[in-house]
Number of protein chains: 2
Amino acid sequence: MTNSTPQLSHTIADIKAIIQRESRRVTSYDVAILAGVSQSAVSRCFKPGASVSKATYARVMQAAQDLDYTPNAAARSLITRRSNLVAVIVAGAVSQHYSDVLSELSRQFSVRGMHIILFNLPSESAMERTLAEVWQHQVDGAVVAARLSGEQAAEFERRRIPIVLFNRSLADRAVSAVVCNQEEAARAMVTRLAAAGHQRFAMIDGPGHSPIAQQRKRGVARRLEELGLPAPLVVAGAFDYASGARGLRDIIDRLGGVPDVIVCGNDLMAIGCLDSARHDFNIDVPGRLSVTGFDGIAAASWISYNLTTMRQPLHSMAHAAAEMLVGLVSGTGGAHERRTYSATFVGGGTARLGPA
Amino acid sequence: MTNSTPQLSHTIADIKAIIQRESRRVTSYDVAILAGVSQSAVSRCFKPGASVSKATYARVMQAAQDLDYTPNAAARSLITRRSNLVAVIVAGAVSQHYSDVLSELSRQFSVRGMHIILFNLPSESAMERTLAEVWQHQVDGAVVAARLSGEQAAEFERRRIPIVLFNRSLADRAVSAVVCNQEEAARAMVTRLAAAGHQRFAMIDGPGHSPIAQQRKRGVARRLEELGLPAPLVVAGAFDYASGARGLRDIIDRLGGVPDVIVCGNDLMAIGCLDSARHDFNIDVPGRLSVTGFDGIAAASWISYNLTTMRQPLHSMAHAAAEMLVGLVSGTGGAHERRTYSATFVGGGTARLGPA
DNA sequence: TTGTAAGCGTTATCAA
DNA sequence: TTGATAACGCTTACAA
């Protein structure tokens with residue numbers, strides 16, 4: 001009983017046993033043997049739009065299923081030079097606020113057969129080290145929601161890895177970005193508040209290194225100046241809940257009383273400020289003091305807060321970022337593009353806005 | 001002026017030009033040529049603990065830096081069968097709550113030179129499709145915070161990919177997991193409430209498919225039974241803010257009044273319930289009605305809420321999950337281990353707890 | 001439509 | 001310590 005037809009002697013169990021014994025992975029070779037075709041035929045079956053006959057395709061797919069075969073992404077990426085991997089680089093604290101941005105990015109990329117490698121910077125300064133790891137993984141592109149220097153952006157370009165900045169920009173380089181116009185948002189907020197009669201503005205700022213905080217602060221200051229109103233009292237904050245209460249205390253200390261309105265650098269601080277004003281200081285908000293935020297986070301719309309704020313269209317922005325990056329990766333995306341979104345005013349109930 | 005010593009004729013600029021022209025990546029070969037050593041010498045320089053002379057190492061590293069060389073992870077993983085990639089599989093809604101779990105996992109893995117590929121399930125049912133993508137990427141392990149069937153867990157085992165379940169478990173299989181004892185937490189909550197005199201319990205449940213919701217519900221029901229108190233009125237919820245208000249309304253409708261306490265399936269619903277009770281129904285909490293949650297999210301400790309809840313040690317749990325998975329991947333981790341954490345009681349101010 | 005064979009960029013083995 | 005050389009598992013001309 002010799003094997004006159006060796007390929008037929010290989011049953012599913014045979015092949016599986018061999019693989020087990022050699023403790024290796026199931027390869028397209030194994031599938032080819034089982035299906036009685038060449039290895040390249042197997043490869044073609046897994047490439048959309050390749051030329052394979054219906055019969056071959058069926059046999060190969062059956063064999064692949066029998067063996068639990070899945071193409072090896074590493075081997076594929078080695079030859080195609082496409083990893084179908086996208087780096088998402090976020091700075092530590094950011095990831096809290098951006099969790100649904102991450103979900104949306106994940107969904108959008110996954111629809112296009114791409115997946116996210118997450119690079120979570122412990123601190124903004126860890127970028128250099130992180131980039132070294134990014135290069136290793138041969139990502140097809142990157143969404144960057146963290147501080148990137150011009151030189152670092154240049155290195156992406158040199159390596160031909162397209163990037164899309166998320167709510168960040170780069171003064172000295174043309175680079176694709178999706179941003180929300182923070183200065184415009186701040187100006188719009190001031191305009192509404194001023195129109196409703198607010199005159200004495202105070203502001204709880206975000207961390208000094210945050211460009212978003214800077215832009216919001218600048219927008220507030222400039223618009224006030226244009227309107228001929230006094231410059232705002234600005235106190236420091238860190239974008240977290242505790243900063244809101246601390247900021248309020250600082251403002252009261254410095255002013256010896258409350259201003260007409262406290263414009264907070266983000267919603268989280270506004271909520272902290274609001275809670276402290278009402279419960280620690282027994283201040284009537286909005287009766288005696290108006291409090292506003294930026295972002296439009298979920299908690300801002302909770303009944304207890306009903307915060308007056310400017311909402312960033314984060315979902316749309318995430319969608320756009322994914323779309324742009326996919327365009328750049330596949331080469332259909334043209335040149336550097338910058339998409340700017342506007343925040344929308346959310347009336348809320350923490351500011352005296354007068355008859356609407 | 002002929003090139004009598006060809007290898008010396010290759011300057012950095014020469015090599016870079018060649019690479020540019022052939023539009024390929026910088027390889028260890030290029031570095032080898034520039035450094036005047038063999039390709040395998042270069043490879044060894046990038047392998048920690050390999051045997052290389054100091055002089056060779058220095059020359060190679062200099063050349064690598066000159067050319068911006070980084071080892072190609074795909075090629076490496078092909079031969080080593082280690083991708084240094086870990087899949088983190090989470091179900092859509094979960095990712096909101098778990099954003100700092102994700103941060104912690106990312107930090108822990110990154111310290112060990114591993115990175116996270118994110119798989120965000122749009123719905124719990126998309127697991128099959130997702131797994132197919134997981135196999136392709138040859139991940140070294142996976143943290144699963146989503147519904148996994150016994151068969152699916154078995155497939156991980158067959159492929160020798162270690163997994164750690166996060167706040168999930170599997171009845172019919174031995175599998176590593178990090179969990180918080182939800183039933184115990186629920187029982188502890190009921191015990192405290194009962195001791196303080198609460199008798200009529202109502203509960204806003206989580207979504208039916210959530211094991212966490214089931215365990216919390218069971219804990220509440222069983223402990224009440226043990227204490228000889230009436231079974232709770234249970235209404236449906238979906239773990240979101242709006243469910244809290246809806247649940248409260250349902251309870252009031254069904255009861256024609258308020259119970260002594262509403263035990264909510266999580267903090268988000270408790271906050272919604274609390275807001276609605278105070279602002280829609282003008283109910284004194286905790287004076288006339290106690291409201292409690294589970295989880296210990298950031299908002300629970302905000303002044304406006306100061307929620308009575310059971311806090312899960314998510315940070316420690318994430319740390320443990322990463323540690324366990326790294327152990328399993330590197331083979332030092334022993335067998336299936338299950339680490340169970342206890343939630344801690346947070347007194348808060350939304351329940352009448354009597355003299356502490 | 002199919003099979004053959006040459007890479008892709010590493011690591012691992014084994015002499016030297 | 002070093003350098004040839006053989007994998008790793010795939011895609012892609014090219015020839016049949």
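Convention: sequence-line order gives letters A, B, ...; per-chain numbering from 1.
A search for side-chain contact (heavy atoms from CB on, under 4.5 Å) contacts involving B:Arg24 returns A:Arg81, B:Ile18, B:Ile19, B:Glu22, B:Thr27, B:Asp30, not counting sequence neighbours. With sequence neighbours left out, the side-chain hydrogen bond (donor to acceptor under 3.5 Å, both in side chains) criterion links B:Ser28 to B:Gln39. When the salt bridge (charged side-chain N to carboxylate O under 4.0 Å, His left out) test is applied to B:Asp66, no partner is found at least two apart in sequence or on another chain. Residues forming a salt bridge (charged side-chain N to carboxylate O under 4.0 Å, His left out) with B:Arg339 (at least two apart in sequence, or on another chain): B:Glu323, B:Glu337. In this structure, the side-chain contact (heavy atoms from CB on, under 4.5 Å) partners of B:Ala87, at least two apart in sequence or on a different chain, are B:Ile89, B:Phe119, B:Val134, B:Val139, B:Ala142. Among residues two or more places apart in sequence or in another chain, the ring pair (Phe, Tyr, Trp, His ring centres under 6.0 Å) test is passed with B:Phe166 by B:Tyr98. Scored by the side-chain hydrogen bond (donor to acceptor under 3.5 Å, both in side chains) test, B:Ser43 finds no partners at all (sequence neighbours excluded).
Considering every non-hydrogen atom in both B:Leu170 and B:Gly150, the closest pair reads CD2-CA, 4.2 Å.
Between its opening and closing five pairs, the helix from C:dT1-D:dA16 to C:dA16-D:dT1 changes axis direction by 30°, a value rounded to 10 degrees.
Between the CZ atom of A:Arg24 and the P atom of D:dA7 there is a distance of 13 Å, given to the nearest Å. Rounding to whole angstrom units, CZ of residue A:Arg25 and P of D:dC10 are separated by 10 Å. Rounding to whole angstrom units, CG of residue B:Leu78 and C1' of D:dT11 are separated by 13 Å. Distance B:Gln136 CD to D:dG9 P: 15 Å, rounded to the nearest Å.
Counting only heavy atoms from C-beta outward, the side chains of A:Met127 and A:Leu121 approach each other to under 4.5 Å.
At a threshold of 4.0 Å, the pair B:Glu133-B:Arg129 does not count as salt-bridged, since none of the basic side-chain nitrogens sits closer than that to a carboxylate oxygen.
Rounding to the nearest 0.5 Å places OG of A:Ser149 at 9.5 Å from CZ of A:Arg173.
Against DNA chain D, the stretch residues 49-65 of chain B makes heavy-atom approaches under 4.0 Å through B:Ser51, B:Val52, B:Ser53, B:Thr56.
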Just the atom pairs and distances: protein N or O near nucleotides 12-16 of chain D's N or O, under 3.5 Å.
| residue | atom | partner | partner atom | Å |
| --- | --- | --- | --- | --- |
| D:dT12 | OP2 | A:Lys47 | NZ | 2.9 |

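Taking 4.0 Å as the cutoff to heavy atoms of chain A, we find the contact window on DNA chain C bounded by C:dT1 to C:dG9.
Listed pair B:Arg81 / D:dG9 meets the phosphate criterion, a side-chain N or O lying under 4.0 Å from OP1 or OP2. Residue B:Ser38 has a polar side-chain atom (N or O) positioned under 4.0 Å from OP1 or OP2 of D:dG3.
Atom CZ of B:Phe46 is surrounded by more than 12 heavy atoms from other residues, nucleotides or ligands within 6.0 Å.
Applying the salt bridge (Lys or Arg N to Asp or Glu O under 4.0 Å) test to pairs two or more places apart or on separate chains, none has a residue in residues 34-59 of chain B.
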